[in-house]
Amino acid sequence: MPELPEVETVRRGLAPVVSGRRVTALDMRRPDLRFPFPERFAERIVGQEIVSLERRAKYLIAGLSGGEDLVMHLGMTGRFTILQNGRRDTPGDYANAVGPVPAHDHVVLHLSDGTRIVYNDPRRFGFMIMMPHADQSQHPLFRGLGVEPLGSDLTAEYLAGRARGKKANLKAFLMDQRIVAGLGNIYVSEALFRAGLSPNRAARTLADRRGAATERAKRLVPAIQDVLRQAIEAGGSTLRDYRDANGASGAFQDAFAVYDRARHVCPRPGCGGEIRRVVHAGRASFYCPRCQK
DNA sequence: ACTGTACCCTGTAGGC
DNA sequence: TGCCTACAGGGTACAG
C-alpha cells in the first residue's frame, strides 16, 4: 500500500516526534512480522537516541546513536501511530494497561518524553531489521535499488539506458524497484496516464536504436516526479488502511485519474474514453486506451 | 537473463 | 444472514 508518497508522509510526521528522543522501552507482541525481529532487538534499541529518520525507496531508516540503523518497511498495511500523554482513541491504554490491546498492534516504541510509537500491521508484510549504518549501501536490501525518483538521478537518459532491449512492458519496468525505487501500483498507473503511455508498451521503446532517450522517456520523467510531488503534498493516498503518523487520511485518492477507476470516463477533457483495468504480473493496471499509446 | 505465477497474511466487498 | 471467492498500497522465491 504505502508507496513513496505515503512513506514520506509518515516520515515527516514521525521525524519531529522521534528526533533527539531516547528509546526507553520496546514492546513486542509477537516474535515476528514478515521476518523475525532482530536478535536481542530490545537491548540494541533501548537507551539509544534516535538521531535521524530518513527514507530510501519505501524504507524508513532510523539512525541510532550507537551506530546501528533500524530499517522499517510498511508492507501493504503497516502503520505507525504517535500516542502522546497516555491517550488513545481506540480500546486499550498502554500507559495503564487497561482494556484489550488493539488487534495487530505488534510493536510499541516508548520514548524518553513519554511518547509512544505504535506499529500496527494486519497483514504483517512489513518488517523491522537492524544493520550497521556503515553497511547500509551494501546491504542486500539496498544494494540493488534503483534511483530515487525525486532526485536528480532520474533522467530520460537513465530510463532509456535501463530500458534498452527490454521487452517487458512499461508497467512491470516501472514497478521494478531496481529501476526506480519507491514507485508502486498506484503511482505507476497515474504516471503512465500523465505521460500518455500505455502500460502495455514495451519498455525498450523508451530508447531509440542508439540507446538515446525517446520523447516518451522525456515525458515520463516529469510525469513521475509531478505525480509523486503532488501526492506528497496531499499527504498520500488512502484507499483502505493508510494513515499518517497522526492518524490522518491522505487526500490524493481524490485526484486519481485512472487508478481504481475501471469503466469510468477518462478525465481528460474531450477524450470521452473509458478507463480499462488489465493485469500485469498479477497486479491491476488502469489506463485510458485513447490517451495512452 | 528474463518472465510469469504462487505465496506470505488478514480483512473486506460483492455475488449467490 | 451467511458462505464463498476475489482482491488489496509489497516483495520474494521459484519454475519455465
Side-chain angles (χ1 to χ4, degrees), chain A residues 1-11 29-36 55-60 71-80 90 102-106 119-129 139-146 149 162-192 199-204 224 227-228 231-232 234-245 248-256 258-263 277-286:
Chain A
M1 71 135 320
E3 303 181 31
L4 188 154
E6 289 75 31
V7 178
E8 178 61 22
T9 301
V10 170
R11 188 195 71 78
R29 299 260 152 63
R30 49 175 303 120
D32 57 10
L33 294 170
R34 175 167 167 191
F35 306 128
R55 179 193 58 74
R56 169 82 171 103
K58 300 170 192 170
Y59 298 97
L60 282 171
V71 176
M72 299 162 280
H73 195 289
L74 302 174
M76 290 279 260
T77 54
R79 186 157 139 185
F80 282 103
T90 49
H104 312 302
D105 275 8
H106 304 309
Y119 181 72
N120 179 287
D121 187 355
R123 294 178 75 180
R124 304 201 305 275
F125 288 168
F127 59 83
M128 299 185 186
I129 62 172
H139 190 278
L141 277 183
F142 295 98
R143 199 172 41 210
L145 280 180
R162 297 299 300 267
R164 197 175 183 185
K166 278 199 162 67
K167 76 175 177 58
N169 58 59
L170 275 179
K171 176 70 180 331
F173 177 74
L174 292 177
M175 288 284 284
D176 188 339
Q177 302 298 297
R178 297 169 299 181
I179 310 292
V180 181
L183 294 177
N185 215 30
I186 292 175
Y187 298 106
V188 168
S189 275
E190 293 294 315
L192 286 172
N200 303 312
R201 167 178 287 283
R204 63 183 171 205
I224 290 169
V227 75
L228 292 178
I232 291 170
S237 303
T238 295
L239 298 183
R240 281 165 289 274
D241 308 284
Y242 170 71
R243 292 283 132 80
D244 73 14
S249 299
F252 195 73
Q253 65 280 1
D254 297 335
F256 288 170
V258 291
Y259 185 82
D260 206 17
R261 296 185 58 76
R263 299 193 305 283
R277 178 189 188 276
V278 295
V279 174
H280 293 110
R283 316 292 299 276
S285 303
F286 301 88

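Protein chains get the first letters and strands the later ones, always in sequence-line order, with residue 1 at the start of each. Note that this is a predicted model, so its numbers are computed, not measured. Hydrogens, waters and symmetry mates play no part in the numbers below; they use all other heavy atoms, side chains included.
- Summarising the geometry, the separation between CG on A:D241 and P on C:dC7 is reported as 18 Å, rounded to the nearest angstrom.
- More than 12 heavy atoms of other residues, nucleotides or ligands shown are found within 6.0 angstrom of CZ on A:R30.
- Looking at A:E6 and A:Y187, their side chains do bring a donor and an acceptor atom within 3.5 Å of each other.
- A:L141 has its CG atom 16 Å from the P atom of C:dG10, to the nearest Å.
- Contact between the side-chain N/O atoms of A:Q177 and the OP1/OP2 oxygens of C:dG11 is found at a separation under 4.0 Å.
- Taking only side-chain atoms of A:E3, from C-beta outward, the nucleotide of C:dG10, B:dG11, B:dT3 with the closest atom is C:dG10.
- The OH-P distance, from A:Y242 to B:dG11, rounds to 22 Å in whole Å.
- The A:R34 side chain lies nearest to C:dG10 when the options are C:dG10, B:dT3, B:dT10.
- Nucleotides C:dC14 and B:dC9, compared at atom P, are 16 Å apart to the nearest Å.
- The side chain of A:R277 approaches C:dC7 more closely than any other nucleotide in the set C:dC7, B:dT10, C:dG10.
- Judged by Watson-Crick or G-U wobble contacts below 3.5 Å, the nucleotide B:dC9 has no partner.
- In this structure, A:R283 atom CZ and C:dA6 atom P are separated by 18 Å, rounded to whole Å.
- In terms of position along DNA chain B, the nucleotide closest to A:K167 lies nearer the 5' end than the nucleotide closest to the other residue of the pair A:R240 and A:K167.
- Among the protein residues, A:A168 comes within range of the sugar-phosphate backbone only, with heavy atoms under 4.0 Å from sugar or phosphate atoms but none that close to a base.
- Taking the six-membered ring for Trp and the full ring otherwise, A:F256 and A:F286 have centroids separated by 6.0 Å or more.
- Side chain to side chain, A:N169 and A:N200 fail the donor-acceptor criterion of an N or O pair below 3.5 Å.
- A donor N or O paired with an acceptor N or O is found under 3.5 Å between the base of C:dA8 and the side-chain atoms of A:R123.
- Straight-line distance from the CG atom of A:D176 to the P atom of B:dT3: 9 Å, rounded to whole Å.
- Put simply, the residue from A:I224, A:L183, A:N185, A:V227 that forms a side chain to side chain contact (heavy atoms under 4.5 Å, CB included) with A:E190 is A:V227.
- By the 5.5 angstrom centroid cut-off and the 30-degree plane limit, A:F125 is classified as not stacked against the base of C:dG11.
- Candidate nucleotides C:dA8, B:dG11, B:dT5 were compared by shortest atom distance to the side chain of A:H104, and B:dG11 ranks first.
- In this entry the distance linking CZ of A:F173 with P of B:dG4 reads 15 Å, nearest Å.
- Counting to the nearest Å, the C1' atom of B:dC8 and the CZ atom of A:F35 are 10 Å from each other.
- The shortest distance between the side-chain N/O atoms of A:K166 and the OP1/OP2 oxygens of B:dT3 is not below 4.0 Å.
- Side-chain atoms of A:S249 and A:R243 include a donor-acceptor pair closer than 3.5 Å.
- For A:H73, a side-chain nitrogen or oxygen approaches OP1 or OP2 of C:dG11 to under 4.0 Å.
- Rounded to a whole Å, the NE2 atom of A:H280 is 19 Å from the C1' atom of C:dG11.
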